[in-house]
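For reference, the structure discussed in these notes is given below.
A note on names: the letters A, B, ... follow the listed sequences, proteins ahead of strands, and every chain is numbered from 1.
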4 protein chains.
Amino acid sequence: VLTENSYGKSSVRLTKVVRHGEAHELMELSADIVLTGDFSASYTDGDNSQIIATDSMKNTVYVLAKERDFKSIEEFAILLCGHFIETYRQVRGATVAIRQTPWERVVVHGKPHAHSFVEGGAERRICRAEISGGKLTLSGGVVDLGVLKTTGSEFCGFVQDRYRTLADTSDRIFATRVEAFWEYLSESADFDAACAGARTALLGTFADHHSLAVQQTLLAMGEAVLKNCPAIRKVRLIMPNQHRILANLKPFGLENRNEIFVPTSEPFGLISGVVERDSL
Amino acid sequence: VLTENSYGKSSVRLTKVVRHGEAHELMELSADIVLTGDFSASYTDGDNSQIIATDSMKNTVYVLAKERDFKSIEEFAILLCGHFIETYRQVRGATVAIRQTPWERVVVHGKPHAHSFVEGGAERRICRAEISGGKLTLSGGVVDLGVLKTTGSEFCGFVQDRYRTLADTSDRIFATRVEAFWEYLSESADFDAACAGARTALLGTFADHHSLAVQQTLLAMGEAVLKNCPAIRKVRLIMPNQHRILANLKPFGLENRNEIFVPTSEPFGLISGVVERDSL
Amino acid sequence: VLTENSYGKSSVRLTKVVRHGEAHELMELSADIVLTGDFSASYTDGDNSQIIATDSMKNTVYVLAKERDFKSIEEFAILLCGHFIETYRQVRGATVAIRQTPWERVVVHGKPHAHSFVEGGAERRICRAEISGGKLTLSGGVVDLGVLKTTGSEFCGFVQDRYRTLADTSDRIFATRVEAFWEYLSESADFDAACAGARTALLGTFADHHSLAVQQTLLAMGEAVLKNCPAIRKVRLIMPNQHRILANLKPFGLENRNEIFVPTSEPFGLISGVVERDSL
Amino acid sequence: VLTENSYGKSSVRLTKVVRHGEAHELMELSADIVLTGDFSASYTDGDNSQIIATDSMKNTVYVLAKERDFKSIEEFAILLCGHFIETYRQVRGATVAIRQTPWERVVVHGKPHAHSFVEGGAERRICRAEISGGKLTLSGGVVDLGVLKTTGSEFCGFVQDRYRTLADTSDRIFATRVEAFWEYLSESADFDAACAGARTALLGTFADHHSLAVQQTLLAMGEAVLKNCPAIRKVRLIMPNQHRILANLKPFGLENRNEIFVPTSEPFGLISGVVERDSL
């Protein structure tokens, strides 16, 4: 028997241009839509009378993008989510996840250009609106935020047993690509400010924190996000440990004083944690 | 406050060769390990006394691969999972997910070669063992199993409203890359037989089923897996609809009788469902 | 001053279905088209009167796919290349490179299905037709053909100096992903037979050759292709050395008799060579 | 017969830290090394006496990174290239290509941090040193420099024939990911200044140029690079046309005044050209 089902449209890409005279605003994103509800007849009998075609979901993204005003991907995700719930009786739950492409204005002769943009960093701003049981849960986040510190990181005193070959170290490189997912307290926050505040907290804490473990720095970074961003209720951090291994230069008669490292892609440590406000 | 935490080692890659005289057996895989337990002192105080280094987890994969016999990735995942639970008092939960690289013997002059292998299809066999609360949950699966049928697929009678532009069609291409994740009834099944049986059921049903909706075919495929594989308790199927769009050749004075299509990567429909045995 | 220019359309994807009653044939491919010729006015003055829009090139792929018969990607590449040269006076040179998606019939109850297909291995068949100076050069090839042998591979006696730390070995794993590009002697060969013959020669030689160096095996494989395929004039082989590093198990009191290896993605050796028929 | 051969090590990754007291400098890169020379005995007889192991090449990268000072990837590529030519009699040609990971200092409370870095944009700085026939050719470049302008781009008056369906447009989005490869006039230029100058020229020209064709803008960008960077002799530009297609909103009773676009990955136009100084 069919015990769960859902369907939707993934990777609906959109470029929206808003023209204020000469000055253009640009938003570019990719949206994933998933619906749950009364769709079982399609599975059991091929009866599609309750099915909203995923092609129609795609059209909906373009129509709402045209008809509605929104300043952030969070606002657009809420709009889309609400639309599906309100428009179709058979839809019980809707999830809209959005990933934004970062475009920054080209600076020409010291001035931001009116209509030309350059792609920003590797990091991506994301969000997710979910309506389920009549309740909206709204999350934001940043992924692929690459950071590296060349000192200020130790790793000592961990379990010593048959399987350990790694030595204690009091000075190592600490590199990671932060994934941060946070839940907003309300659906009417200043999302751009919250994202900027979270990013500042993540970077500043990573830079200044003297790390005894990736775990310890992760918690400090999560606490800083909550402290810096009143609009955020809790934050999940996922931080791969992108090892830089000290090159062994002894065979060549050289001493390696934390100068020459080999970056490796795999295997990698993966540390995660969730930090929530105390009062909750 | 820290409300959840876990850590582990990802992408631990292993090649194991078992030599039976001239004939060699080859297994190649990548393992992801995640532990939960009493690790909060590392997060709060940088006290690593309960922390098993992720580097030690990597070593463990190689030591157990050498010391133990196993015939399938499922058996190896169970071994690893049990090891972490049994060896470390502070470990409460362990998850080991494995992805296998498919190597097949090269056939030379009609005979399978003793020690030379060629990489198999794009599909990947995967599994996941999770021990939590003293209970083992064991899953297997296949991902990236690409299939396409050039006819025998319809899509009609779906919701007609402002957002619909797609016409009904009684004959379209149906292409997908199946992801199937199933839960085993026991930890001592013949996993190779179960996987082979599931694959046969998925392919045969996809090929023969006259499809009125991707949803309907998905359910039929899930039912066939349960029917064909007594060792499997339930199966989750995730099937993207990898659209092949009929090329419009009218501007060139040509009629396109379902001959010329444009494959597209995005956006794509995404259909999913879980099928379980009735008696459960 | 502008000293070279060219332009074209890349990644034009096509699915072609040919219906012989119940039995359908399927060809799926991606084509890259590049034209050279008298296009400089577009660069210097924005005068596009000699420019064939890349959108029109895309349309051409679909129109010719409908109007013409072809049995292989090589034949289609020749057709397309010739079309651009013959249709437009301003086109001096044309290159069409094609990559085919490997679809194999699903076997149901022991019989190949009439219209359902499963995606083949990671390897890809490719080709390239180039007309320049009125002369056609036609190449075929295979990329991403992954092979691995667990023994029958040595590497000894290489340069000993300050920079060497690698020991001689008389038994190692040899793994690679073969890229083979060959030039056909004529544009009217049986291309499917040539490709199948080349693949058989590559796999059989890799399997049976006792390797003293990747270089030596590469040459043997290239010679086998020429011997097995009269339609091929010369072949370029590019073979990464996808190292499997023997895991050091001594710290755990274990001896590793070529059983446990660590596959690595990077860095990798890269060996290449071109083998041509002697008489040419 | 073997008519060409070469071999080397690819994707040798390096992190180098230079410590000036508290302030650390960071350079991270990946290098590809290819050697040509007197290596045929390895191919024909498995005689490796002239073969420098690719593992030794990897070691060489780490030894030279430790022993030598260099301020840019160009200087390091020259060092490495020269090393192989000078050290080994049997080496006739050497090519070293380097790709740099962009790390920028984290700014904390308005000040650049002494030892913490954040990953820069998607764009990558690359270079290539080649010694062949005793002569060094040195190139630099940037790849994946994503830019987009929302207006100031036309495409009109191109060839009208059976295969054209695209209408003339006087206002479209122009988006590309610039690849620029330039040749330096000498091996002792200020490479950081040249790269910065080229980037400024590329961005400024893209932003300000009123485009009648991608081809025209490409030439203007190339000319600007040469004008702005005396150290550069010639530049090759490769610019994909990353189409943003105007969404058709008429079925929904809406007029789309260049507001809502669909970004597409494929197919894409690909325009290229080489611009050289006149006097050469």
Side-chain angles (χ1 to χ4, degrees), chain A residues 1-13 34 39 42-56 58-60 63 88 155-159 161 163-166 211-213 215-216 218-219 222 234 236 240-241 265-276 278, chain B residues 1-13 34 39 42-56 58-60 63 88 155-159 161 163-166 211-213 215-216 218-219 222 234 236 240-241 265-276 278:
Chain A
V1 294
L2 181 73
T3 54
E4 290 177 43
N5 73 77
S6 68
Y7 79 103
K9 196 76 161 187
S10 292
S11 295
V12 182
R13 297 178 62 184
V34 178
F39 306 126
S42 176
Y43 289 80
T44 54
D45 301 310
D47 168 357
N48 298 319
S49 58
Q50 300 302 306
I51 295 290
I52 303 115
T54 65
D55 189 73
S56 304
K58 177 200 71 182
N59 288 340
T60 303
V63 169
Y88 304 102
F155 188 49
C156 299
F158 45 93
V159 171
D161 67 357
Y163 302 97
R164 172 173 169 181
T165 54
L166 191 70
S211 176
L212 301 178
Q215 284 88 339
Q216 190 198 22
L218 181 146
L219 177 57
K234 71 173 183 180
R236 176 182 301 274
N241 192 351
S265 297
E266 66 205 4
F268 58 92
L270 189 64
I271 320 298
S272 65
V274 177
V275 191
E276 301 193 41
D278 210 2
Chain B
V1 293
L2 183 71
T3 54
E4 290 178 43
N5 74 77
S6 68
Y7 79 102
K9 196 76 160 187
S10 293
S11 295
V12 182
R13 295 177 64 185
V34 178
F39 306 125
S42 176
Y43 288 80
T44 55
D45 302 310
D47 169 358
N48 298 319
S49 58
Q50 301 302 308
I51 296 289
I52 303 116
T54 66
D55 190 73
S56 304
K58 177 200 72 181
N59 289 339
T60 303
V63 169
Y88 303 102
F155 188 48
C156 299
F158 45 93
V159 170
D161 67 356
Y163 301 97
R164 172 172 168 180
T165 54
L166 191 69
S211 177
L212 300 178
Q215 284 87 340
Q216 189 198 22
L218 182 147
L219 178 56
K234 71 173 183 179
R236 176 183 301 274
N241 192 351
S265 297
E266 68 207 2
F268 57 92
L270 189 64
I271 319 298
S272 65
V274 177
V275 191
E276 300 193 41
D278 210 2

Of the backbone (N, CA, C, O) and the side chain (C-beta and beyond), which part of [X] lies under 4.5 Å from a heavy atom of chain B, both, or neither?
| X | answer |
| --- | --- |
| A/Phe39 | neither |
| A/Asp161 | side chain |
| A/Val63 | side chain |
| A/Lys9 | both |
| A/Arg13 | side chain |

Determine yes or no for a side-chain-to-main-chain donor-acceptor pair under 3.5 angstrom, with A/Asn59 supplying the side chain and B/Tyr163 the backbone. yes
Is the backbone of A/Ile52 close enough, under 3.5 Å, to the side chain of A/Ser56 for a donor and an acceptor to pair up by distance? no
Quick one: what part of B/Leu218 sits under 4.5 Å from any heavy atom of chain A, side chain, backbone, both or neither? side chain
Counting only non-hydrogen atoms closer than 4.5 Å, does B/Thr54 touch chain A with its backbone (N, CA, C, O), its side chain (CB onward), both, or neither? side chain
Find the one option among [options] whose heavy-atom pairs under 4.5 Å with chain A are most numerous.
| options | result |
| --- | --- |
| B/Leu219, B/Asp47, B/Leu2, B/Val1 | B/Val1 |
| B/Pro240, B/Ser6, B/Gly222, B/Ala53 | B/Ser6 |
| B/Leu212, B/Asn5, B/Val274 | B/Val274 |

Residue list, ring pair (Phe, Tyr, Trp, His ring centres under 6.0 Å) with B/Tyr43, at least two apart or on another chain: none
Qualifying residues under ring pair (Phe, Tyr, Trp, His ring centres under 6.0 Å), relative to B/Phe158, sequence neighbours excluded: B/Phe155
Side-chain contact test, heavy atoms from C-beta onward, threshold under 4.5 Å: evaluate it for A/Tyr88 versus B/Val159 and give yes or no. yes
Rounded at 0.5 Å granularity, tell me how far CD in B/Glu266 sits from OG in A/Ser10. 11.0 Å
Between A/Phe268 and A/Asn241, which heavy-atom pair has the shortest distance, and what is it? CB-O, 3.6 Å
Restricting to non-hydrogen atoms, name the atom on A/Gln215 and the atom on B/Ser42 that form the minimum distance, rounded to 0.1 Å. CB-OG, 3.3 Å
Identify which of A/Gly157, A/Ala213, A/Ser265 forms the greatest number of heavy-atom pairs closer than 4.5 Å to chain B. A/Gly157
Option that, when pairs with chain B are counted at under 4.5 Å, heavy atom only, ranks first among A/Gly46, A/Cys156, A/Ser49: A/Gly46
